Amino acid sequence: MNGDQPTLAITGSRVQLLLRRLHSLSEAEEKSPSQRFFYLKRLIRFLLFGEIWSISAEKHMQNKFAALDEQKCQFIYLLARSMGARHVIEAGSSFGVSTIYLALAVGQNVHQKKLDSATATVAGKVIATEKEPAKAAKAREYWKEAGAEVEDWIELREGDLLETLKIEEGMPAKVDLVLLDIWTPLALPTLKLVQPKLKEGSVILTDNVGMASFLYKDFLGYIRNPENGFRSLKVPFSGGLEMSVYLPQAEEP
Ligand SMILES: C[S@@+](CC[C@H](N)C(=O)[O-])C[C@H]1O[C@@H](n2cnc3c(N)ncnc32)[C@H](O)[C@@H]1O
């Protein structure tokens, strides 16, 4: 957290404290010597063998938070609020830290929409995804601890997201916001899977595109090519956060 400052996300002290605790745990893990060594090893293996990911890397990360840092989470929350995003997909949820911010935003956007349109039924949710059962269980625990303002707005799809995101039941017709915080080889296939669901003007956020640009080569080649329907740039957060807007109808004046 930013020193003792409360999070920018609008929420009560229970969720504030939970977020503080989870960010501290994740940061401590990221800064640990073993985790730093892991990232160094990944870089060396890429440089020597062109290896992008491996079974042993997968195993190593099986019980790691790898949560987005607080600044990025706050940015995502504020962006989601400003867009009024109600239909959100999160690719890679881990212990559900970023999901909490997305769920707060979605719940608050639904509430706002109800007030603005005087309609009782307004839909919205975060479709979270996680393939590690132990992580999914822990995420559910944290969301429960956060309470209804978070838990009620999440549908967690457990298993390989390249399969679970194909399930039409419960999938909104159009998606406002996608957070891609997934192992790099999955970024492009996931984007292509959700692309038919994207609303004009929807936003895709992808983590670590600066730090891991060598691993994101294909993905960035695709999303930064306007012919594929996106306008995209790297926002200079730590590690780099790609912000892409889906504008498939865009025409030059
Ligand atoms: C970087 S972490 C997500 C962190 C989370 N967004 C946060 O900020 O709290 C990426 C997660 O994606 C999960 N994952 C990897 N491959 C997956 C797949 N094929 N389907 C679903 N989840 C997957 C990993 O287990 C890991 O927990």
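Owing to the predicted nature of the structure, the values given are computational and were not obtained by experimental measurement. Remember, it's 1-based here, ligands and their atoms both numbered in the order they're listed. All residue numbers in this chain count up from 1 along the given sequence.
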In the structure I gave you, are the side-chain heavy atoms of Cys73 and His23 within less than 4.5 Å of one another anywhere? yes
Does the side chain of Asn228 reach to within under 4.5 Å of the side chain of Ile223, using non-hydrogen atoms? no
Check this for me: does any side-chain nitrogen of one of Lys144 and Glu141 sit under 4.0 Å from a carboxylate oxygen of the other? no
Test salt bridge (Lys or Arg N to Asp or Glu O under 4.0 Å) on Lys135 and Glu158 and set out the steps. CA-CA 10 Å; Lys135 284 185 162 187; Glu158 285 190 51; over 6 Å; no
Are side-chain N/O atoms of Gln108 and Tyr77 paired as donor and acceptor at under 3.5 Å? yes
With hydrogens left out, which residues have an atom under 4.0 Å from ligand 1, given that only heavy atoms count? Phe65, Ala66, Ala67, Leu68, Glu90, Gly92, Ser93, Ser94, Val97, Ser98, Glu130, Lys131, Glu132, Lys135, Gly159, Asp160, Leu161, Asp181, Ile182, Trp183, Leu186
So salt bridge (charged side-chain N to carboxylate O under 4.0 Å, His left out) across residues 29-43, not counting sequence neighbours, yields Arg42-Glu51
